*Asks:* 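My structure is below; once you've seen it, I'll send some questions.
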Amino acid sequence: MSDKIRVRYAPSPTGYPHVGNIRTALFNWLFARHHGGSFIVRIEDTDVARTVEGAVEAILDGLRWLGIDWDEGPEVGGKFGPYVQSQRLDKYKAAAKKLIEQGDAYYCYCTPERLDEMRNEQMKNKQPPGYDRRCRDLSVPESTLKWMSGMKRVVRFRTPLAGKTAFHDIIRGDVSFENSTIDDFVIIKSDGFPTYHLASIVDDHEMEITHVLRAEEWLSSTPRHLMLYKAMGYKPPEFAHLPMLLGTDRSKLSKRHGSVSIIEYKEQGYLPEAMLNFLSLLGWSLDGKTELMTVKEIIKNFTLGRVNSTGAIFNIEKLDWMNGVYIRDLKIDDFSQRVVPFLERDLPPDVKRPLSLDYIKKIAPLVQERVKKLNEIAELTEFFFIDNLEYDPNILVAKKTTLETTKVILETALKGLDELPEFSEESLETVLRPMAEALAVKTGQLFGTLRSATTGSEVAPPLFQTMAVLGKERCMKRIKEALAVLDKAKDKTAG
RNA sequence: GGCGCAUUCGUCUAGUGGCCUAGGACACAUCCCUCUCAAGGAUGAGAUCACGGGUUCGAAUCCCGUAUGCGCUACCA
């Protein structure tokens with residue numbers, strides 16, 4: 001590995017950026033950065049029918065969000081460009097032409113219908129499905145005649161009928177396949193576009209890729225790629241097939257397992273640094289003990305030797321925990337700023353926008369250690385932003401107290417607060433704690449009732465801090481409203 | 001069906017022949033702290049290392065077989 005390492009991430013823009021895919025990108029990037037090599041992004045848009053508009057942008061956004069930067073590729077260019085396969089068709093055509101001329105590939109005129117029929121027949125007879133090589137030995141005149149008559153054709157690779165194709169996978173060790181189990185696969189489709197097999201080997205060669213790190217699902221097609229490298233006279237790169245990301249049922253992670261797009265995780269309020277840390281631990285480990293690491297530390301320690309070969313279930317509970325750790329670790333100003341877009345998005349529409357950053361900075365410390373995801377914050381802090389609380393009288397009355405005592409509690413508190421010269425966490429505590437004793441109720445009962453009155457909820461951040469942020473005026477107003485609600489409830493029970 | 005890869009607590013993993021009566025983390029349980037919720041601290045439960053054979057003085061670790069899971073088997077990547 002003394003030569004400069006060059007790796008690539010080659011997504012196909014057929015939809016949202018899947019986390020499994022992004023994990024592959026991450027491992028490539030970590031590997032490149034660890035070794036001081038280059039990380040290249042190449043768009044593999046050779047399937048015209050499945051290409052989705054906006055997918056490229058979404059994929060690049062996902063990478064940018066995580067802080068994965070690329071040295072060559074879309075937007076940044078590079079000396080091996082273009083980095084979009086649909087703009088490199090001439091290269092694949094030239095490669096196919098060379099293969100045909102050498103006798104390593106041939107035109108096939110079989111129709112999709114015929115191939116379908118053939119496969120069904122093979123399945124019915126419990127034969128391994130595969131192309132029956134009908135066009136393999138078509139003579140040049142025969143082929144030309146079919147072409148002139150307007151028949152569609154593809155180009156297939158002439159797979160050796162015997163022998164073995166063996167290679168060394170960095171993660172899995174020595175792997176070998178019988179050539180007889182590999183059929184004559186298509187390299188150029190009838191629309192003139194190459195298949196992945198041809199396009200990737202041509203590009204990997206031209207872009208001087210030294211290591212191909214991709215998901216395990218590609219392991220079985222590696223012998224095809226090796227055959228192509230050999231036929232083209234190219235030196236193949238090293239291969240490392242990464243373990244796959246699995247859903248909870250151990251099948252390949254997909255939409256039906258829940259959120260799979262990296263963008264969805266961003267929108268739910270996962271921190272990119274937490275996501276990156278978590279993803280890096282799916283199939284790789286430092287020592288089995290160290291789990292919380294900065295990107296720098298991960299890069300410093302990332303080696304293929306510590307990548308394991310077993311598929312990993314995407315365990316969202318652990319991600320949630322880790323995200324909570326990262327949230328708690330944030331400096332308060334940083335945390336406040338990250339919270340802003342989530343509050344802007346999630347708070348009720350009648351809350352006036354734009355929100356005040358100064359006000360958010362006061363609220364933020366109260367919830368920072370209470371959330372695992374940023375999208376939980378709006379619900380937790382809504383009472384700081386809305387004008388009118390809706391009280392459930394039941395939550396105002398603390399456990400083991402009566403409606404009457406509750407009224408006394410609120411009235412006493414109201415008086416006590418009114419006399420407070422200064423409305424701060426400390427002053428509130430000094431006046432409220434003795435008040436419980438004077439009222440002969442437990443602090444929990446007093447604080448609970450006040451919490452419900454000032455926040456409208458039984459669960460909220462610590463009382464004194466919360467009230468201090470709310471301010472004297474709002475607290476008093478809310479306590480009065482609570483009292484009114486209590487009166488109404490009393491009338492109802494009486495009447 | 002064929003071919004390939006994989007198999008350590010529910011989950012992510014450590015382990016590369018003796019340090020393993022298998023370690024860490026998440027989740028879970030109990031307790032402590034406590035104005036609720038969190039956070040934090042402590043403790044605990046949880047794995048006959050898929051199974052069966054070998055090799056070896058000694059195996060989670062090496063070999064073989066079986067089972068199971070997953071992947072591929074497209075003019076998708």
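In what follows, every chain begins at residue 1, and chains take the letters A, B, ... in the order their sequences are listed. Remember, it's a predicted structure, so these values are computed and weren't measured experimentally.
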*Asks:* Run the ring-centre check on A/Trp284 versus A/Phe302 and record whether the distance is less than 6.0 Å.
*Replies:* yes
*Asks:* Please work out if A/Val154 contacts a base, only the sugar-phosphate, or nothing of the nucleic acid, heavy-atom cut-off 4.0 Å.
*Replies:* base
*Asks:* Say we look at B/C64 and B/C75: how far apart would their C1' atoms be, to the nearest angstrom?
*Replies:* 42 Å
*Asks:* Expressed as a whole number of Å, how far does the P atom of B/A47 sit from that of B/A38?
*Replies:* 28 Å
*Asks:* With salt bridge (charged side-chain N to carboxylate O under 4.0 Å, His left out) as the criterion, how do A/Arg256 and A/Asp249 come out once you've worked through the C-alpha distance, each side chain's angles and the decisive distance to 0.1 Å?
*Replies:* CA-CA 11 Å; A/Arg256 72 195 157 84; A/Asp249 60 355; 3.1 Å; yes
*Asks:* Is the phosphate of B/U73, meaning OP1 or OP2, less than 4.0 Å from a side-chain N or O of A/Ser220?
*Replies:* no
*Asks:* Need the pair for B/G10. Rule: Watson-Crick or G-U wobble, both distances under 3.5 Å, any strand; none if unpaired.
*Replies:* B/C26
*Asks:* So is A/Arg42 actually on top of A/Tyr83's ring, under 6.0 Å and inside 45° of the axis?
*Replies:* no
*Asks:* Is it the case that B/A14 (base atoms only) and A/Lys289 (side chain only) share a donor and an acceptor within less than 3.5 Å, ignoring hydrogens and angles?
*Replies:* no
*Asks:* Would you please confirm or rule out a distance under 4.0 Å between OP1 or OP2 of B/U7 and any side-chain N or O of A/Thr310?
*Replies:* yes
*Asks:* Could you check whether A/Lys252 gets within reach of a base, just the sugar-phosphate, or nothing at all, counting any heavy atom under 4.0 Å?
*Replies:* sugar-phosphate
*Asks:* By the 4.0 Å heavy-atom rule, please label A/Leu282 as base, sugar-phosphate, or nothing.
*Replies:* sugar-phosphate
*Asks:* Test the A/Lys255-A/Tyr16 pair against the cation-pi criterion, namely NZ or CZ under 6.0 angstrom from the six-membered ring centroid and within 45° of the ring axis.
*Replies:* yes
*Asks:* Need one value for A/Thr46: base, sugar-phosphate or nothing, where a base atom within 4.0 Å counts as base even if backbone is also close, heavy atoms only.
*Replies:* sugar-phosphate
*Asks:* Which whole number of Å gives the distance between the C1' atom of B/G10 and that of B/G52?
*Replies:* 26 Å
*Asks:* Does A/Ser176 reach a base, just sugar-phosphate, or nothing at all? Heavy atoms under 4.0 Å.
*Replies:* sugar-phosphate
*Asks:* Does the pair A/Glu291/A/Lys318 count as a salt bridge with the N-to-O cut at 4.0 Å?
*Replies:* yes
*Asks:* Tell me whether the OP1 or OP2 atom of B/U13 has a side-chain N or O from A/Asn308 closer than 4.0 Å.
*Replies:* yes
*Asks:* A/Phe185 ring centre to A/Arg224 NZ or CZ under 6.0 Å, with the angle to the axis within 45°?
*Replies:* yes
*Asks:* How far, in whole Å, is B/C26 from B/A14 if one measures between their C1' atoms?
*Replies:* 15 Å
*Asks:* With heavy atoms under 4.0 Å as the rule, sort A/Ala312 into base, sugar-phosphate or nothing.
*Replies:* sugar-phosphate
*Asks:* For B/U36 versus B/C32, give the span between their P atoms, rounded off to a whole number of Å.
*Replies:* 13 Å
*Asks:* So A/Arg306, base contact, sugar-phosphate only, or nothing? Heavy-atom distance under 4.0 Å.
*Replies:* sugar-phosphate
*Asks:* Remember a base hit wins even if backbone is also touched, and classify A/Gly324 as base, sugar-phosphate or nothing at under 4.0 Å, heavy atoms.
*Replies:* nothing
*Asks:* Measuring to OP1 and OP2 of B/U11, would you say a side-chain N or O of A/Arg250 lies under 4.0 angstrom away?
*Replies:* yes
*Asks:* For B/G4, does OP1 or OP2 lie under 4.0 Å from any side-chain N or O of A/Arg172?
*Replies:* no
*Asks:* For A/Phe464, answer base if it contacts any base atom (sugar-phosphate contacts may also be present), sugar-phosphate if it contacts only those atoms, and nothing otherwise; contact means non-hydrogen atoms under 4.0 Å.
*Replies:* base
*Asks:* Kindly say if A/Lys399 contacts the phosphate of B/U36, meaning a side-chain N or O under 4.0 Å from OP1 or OP2.
*Replies:* no
*Asks:* Base, sugar-phosphate, or nothing: which does A/Glu291 touch, judged by heavy atoms less than 4.0 Å apart?
*Replies:* base
*Asks:* Under 4.0 Å between any heavy atoms, over every strand shown, what does A/Pro461 touch: base, sugar-phosphate, or nothing? Just pick one.
*Replies:* base
*Asks:* Taking atom C1' in both B/U7 and B/U66, compute the distance separating them and give it to the nearest angstrom.
*Replies:* 13 Å
*Asks:* Would you indicate what A/Met244 reaches in the nucleic acid, counting non-hydrogen atoms under 4.0 angstrom: base, sugar-phosphate, or nothing?
*Replies:* sugar-phosphate
*Asks:* Check this for me: A/Lys189, atom NZ, are more than 12 non-hydrogen atoms of other residues, nucleotides or ligands nearer than 6.0 Å?
*Replies:* yes
*Asks:* Under 4.0 Å between a side-chain nitrogen and a carboxylate oxygen: does that hold for A/Asp132 and A/Arg114?
*Replies:* yes
*Asks:* Can you tell me if A/Ser221 touches the phosphate of B/U73, counting only side-chain N or O atoms and a distance under 4.0 Å to OP1 or OP2?
*Replies:* no
*Asks:* Has the side chain of A/Thr443 got a donor or acceptor that lies under 3.5 Å from a partner of the other kind on the base of B/C35?
*Replies:* no
*Asks:* Ignoring backbone atoms, test whether A/Lys372 places a side-chain nitrogen or oxygen under 4.0 Å from the OP1 or OP2 oxygen of B/A39.
*Replies:* yes
*Asks:* Considering only atom C1', compute the distance from B/C62 to B/G1 and round it to an integer number of Å.
*Replies:* 32 Å
*Asks:* Under 4.0 Å between a side-chain N/O of A/Arg119 and OP1 or OP2 of B/C75, yes or no?
*Replies:* yes
*Asks:* With sugar-phosphate meaning primed atoms plus P, OP1 and OP2, does A/Ser285 contact a base, only sugar-phosphate, or nothing at under 4.0 Å between heavy atoms?
*Replies:* sugar-phosphate
*Asks:* Using the C1' atom in both, what is the distance from B/G41 to B/C33, to the nearest Å?
*Replies:* 8 Å
*Asks:* Classify the nucleic acid contact of A/Val371 as base, sugar-phosphate or nothing, counting any heavy atom under 4.0 Å across all strands shown.
*Replies:* nothing
*Asks:* Please determine whether a side-chain nitrogen or oxygen atom of A/Lys124 lies at a distance below 4.0 Å from atom OP1 or OP2 of B/G1.
*Replies:* no
